[in-house]
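As structure tokens, the structure follows; a few thoughts come after it.
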Amino acid sequence: MKGSKILLVDDEIVFTTNMSRLLVNRGYQVTAVNSGDAAVQELEKDDFDVVVLDLKMPGMDGIATLKEIKKLDLFTQTLILTGHGSIDTALEAVRLGAYDYLTKPCEIDDLVSKIECAWQKKDEHVKEEMQENVQKIIESPHSVFDLYPSKDKKK
Amino acid sequence: MNGHDTNTITPDTSLNPPEKNSYRYLFRRFTLLTVVCSIVPLLLVGWGLNIHYTYFAQTRIVRTFEEQVANHGRFIEQFLKEQSTKLRLVADTHSKKDLQKPGSLMTIFENMNREQPYIMDLGVIDQRGNHLAYIGPYDLLDKVYFHEDWFKQVMQKGLYISDMFMGFRQEPHFIIAVLRREEEDQWILRATINTRVFRTLVENMRVGETGEVYLVNTRGVYQTTPRFGGSIMDQADVAVDPFKDPVSVDVFKKNRSSRFSGQVVGRFWLTHPEWMLVVKQARSETFEEMDRARFVNLIFLHLSALSILVAAIFITRYMVGIIRKRDDHAARLNNQLMQASKLASIGELSAGVAHEINNPVAIIMTERQLLLDQFQQTMMEDQAFKNQFLSSMDQIALQSQRCKRITHNLLRFSRRTRSMIESVDLNRFVAEVVDLMERETKTSGIRLLTDLDPDLPAIQSDSSQLQQVFLNLITNAVDAHEGKPYGSIRISTRYDADAGGIFLSIADTGNGIDPKHMDRIFDPFFTTKPVGKGTGLGLSICYSIIRQLKGNITVKSEPGEGTEFIIFLPLTLSEKETRESGPSGPDKTSDPSI
């Protein structure tokens, strides 16, 4: 969806710069970082709909970053964007809870398509969560303060 | 055989089997050890037994020889005693007058010689040494013996057997004489023993071709004529020292300085007269049978040793041959492992290179896309530039995709790509593979034929792995036609609803598989191709891929007629199997390159 917030994580600065511009051109709000640590910090500060995550990075690599993201227990969906050589790792990431993966180089349209799918997935999760919460409020109105903490988190 | 692999192996010379010289060294060592461990004990036992047997046999033979000498000596003694007894009997039973009667002495003479002419003559002599009566071939009646030595001896001892002497007749002879006392008178009955008959009697002992028997007196004078050298009454070269035992046997070794070189000498002392019986025989003849037995034993011993040596050489050669074959086999396996390891390293390298190329290409693609975005927002009047720009952008996209394909192929080669389970139309797939291989088979004079089931359903399988299987099997089928100018490979498909899958057959008209290799054709590294031609991994990989895809592969072959590989593939794989061999879901395969 246009206006979705995307966090782009890749150690290749030129790539993140270019890809940010391309995604901005297509109506997305993009934040680009060049390391796993920076990505986790950004996610702690702000909400994002989709994280586009490279696997092979110096320092905290993609898999470790993904595990940290899962710990944050967010609705945010993660897309893996990897060089072809690490496809096995990409599959491993999918098993660890990433939504999907794409191999570099890829067409911008393919990436946009995947982002849209991921956003829809997140949206479905959010809607399901809201329905469950509404049901709980109807059943127990006092639980409203427990269900909506200050941050948009999964239950 | 069909141990196909698309990679050509170059043998690593450093892993070749040991040099021929080392096998020769091994052969020599093994042979030496075998010989030392078997022939040496055999020879030791053989020689030991031989020495023991020689000692035993020699002792027995010497003892027998000794007994023969003693018996013969006693026989001669007995003969002389017998003759003496006869004379004593005649003297005691007759008076001097009786013997002087005409014909009386002749009668006694004839009676004494009835069995053998032992006595040559017989005479009666008075106490003054005069002949009173005489029967014999000589004219001795007027001879007076008063001063003769034998006369004195007989008068003194009563019985006397003389040594050989010449006497009045001037011929070697010896006498036996007895003294008879008749009231105041004394007379002597004397008999001369027939020298020729006595010699025959003395020599009446089996001494073979080289032996001789003779008598010597206490002074070492021959009392009979020896067979070889010397004659009666000559001085003999035998020692006549009285020995402790009445009989002795000496075995003389060959020694030029010895009188009895290489001879066995037996000696026996007669008591009366004091003569020594000497029996000589060549040592070689005495011990002939023993030596022959020893010779035969040694022949058998050495033949046994020789046969062990020959057997040891043959067995060692056979064993070294086996070791050599095993070494060759191990070296071949090592070469193949090295090659496999090299390929794995190249695969790792390829994966790394692919990854490194993909990142810059991804940047190029984003740059292109940025340019395109910018271009679309820019008003451009120069149509030629616009056309050129868009054409260049398309070319950049095309070449980037080309790079992506290259890296994809590199990764496929590295085998790091997981198998992707997708819907595969086997008929279309076979057609593609045939199309790919047709050019190669045509040059080999082989036709590729297809017999495809039109109602074949699509299966869930991994097309890239199936492609490898088919390429391996078809390349093997082409290789199986080596030496044949033409042939064909028939690929057929058939759907079997009951079995729940598809049967795919690849049948060739090649040389077939040797029945003895049938059990091993799917073994890793088993190949009948020359070293360096095949790794023996082709069929092994085919087998593991088909098993991974939950199918089955079987083979039928007729030597000289051809081979048929039949592959069964199930229509679908279970979710678990899919996860094991591919990505986690169908929506994860959106990248067309995977």
Side-chain angles (χ1 to χ4, degrees), chain A residues 8 10-27 30 32 52 54-57 61-62 79-118 120-121, chain B residues 347-377 396-397 399-412 414-420 579-594:
Chain A
L8 197 56
D10 198 310
D11 62 320
E12 289 274 358
I13 295 168
V14 181
F15 181 77
T16 49
T17 310
N18 288 352
M19 192 55 84
S20 299
R21 285 176 62 188
L22 288 171
L23 289 172
V24 167
N25 287 349
R26 279 153 186 77
V30 182
V52 179
D54 187 25
L55 283 179
K56 198 174 176 186
M57 290 185 294
D61 69 0
L79 264 178
I80 303 295
L81 186 60
T82 176
H84 212 142
S86 51
I87 191 121
D88 291 342
T89 326
L91 290 168
E92 175 71 16
V94 170
R95 271 194 281 275
L96 286 171
Y99 171 69
D100 202 350
Y101 71 86
L102 266 170
T103 53
K104 290 180 188 173
C106 66
E107 294 286 347
I108 185 70
D109 294 340
D110 291 333
L111 179 63
V112 168
S113 166
K114 290 270 181 189
I115 288 171
E116 287 301 309
C117 290
Q120 280 172 17
K121 183 92 174 173
Chain B
E348 291 290 324
L349 191 67
S350 305
V353 168
H355 182 263
E356 291 308 311
I357 289 173
N358 280 340
N359 272 327
V361 172
I363 293 169
I364 291 169
M365 290 284 276
T366 55
E367 292 285 357
R368 167 187 167 273
Q369 196 60 51
L370 281 172
L371 281 172
L372 277 174
D373 285 0
Q374 193 66 35
F375 179 75
Q376 281 162 6
Q377 294 166 11
I396 288 169
Q399 297 308 322
S400 297
Q401 285 301 326
R402 193 176 163 190
C403 284
K404 188 173 179 175
R405 274 202 306 278
I406 291 167
T407 55
H408 173 81
N409 287 337
L410 269 176
L411 288 162
R412 184 181 288 240
S414 79
R415 301 180 200 282
R416 287 192 63 189
T417 47
R418 289 291 188 103
S419 62
M420 291 292 139
R579 200 163 51 244
E580 280 172 356
S581 58
S584 57
D587 61 334
K588 307 294 185 288
T589 58
S590 54
D591 185 351
S593 67
I594 297 171

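In what follows, every chain begins at residue 1, and chains take the letters A, B, ... in the order their sequences are listed.
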- Side-chain touch A:K56/B:E356, heavy atoms, less than 4.5 angstrom: yes

- Hey, are the side chains of A:N25 and B:Q369 touching, using non-hydrogen atoms and a 4.5 Å cut-off? no

- Query: Hey, what do you get for CD (A:E107) to OG (B:S400), rounding to the nearest 0.5 Å?
  - Reply: 8.5 Å

- Task: Taking the side chain as every heavy atom from C-beta outward, state whether B:N359 and A:F15 have any pair of such atoms under 4.5 Å apart.
- Result: no

- Could you check if a side-chain atom of B:T366 sits within less than 4.5 angstrom of a side-chain atom of A:L22, using non-hydrogen atoms only? yes

- Message: I'd like to check B:N358 versus A:P105 (side-chain heavy atoms, cut-off strictly below 4.5 Å). Are they in contact?
- Response: yes

- Message: Taking the basic N atoms (NZ, or NE/NH1/NH2) and the acidic carboxylate oxygens, is any pair closer than 4.0 Å for A:R21 and B:D373?
- Response: no

- Using a cut-off of 6.0 Å, state whether more than 12 heavy atoms not belonging to A:I13 lie near its atom CD1. no

- Message: Just so I know, are the side chains of A:N18 and B:I363 near enough to count as touching, which here means a heavy-atom distance under 4.5 Å?
- Response: yes

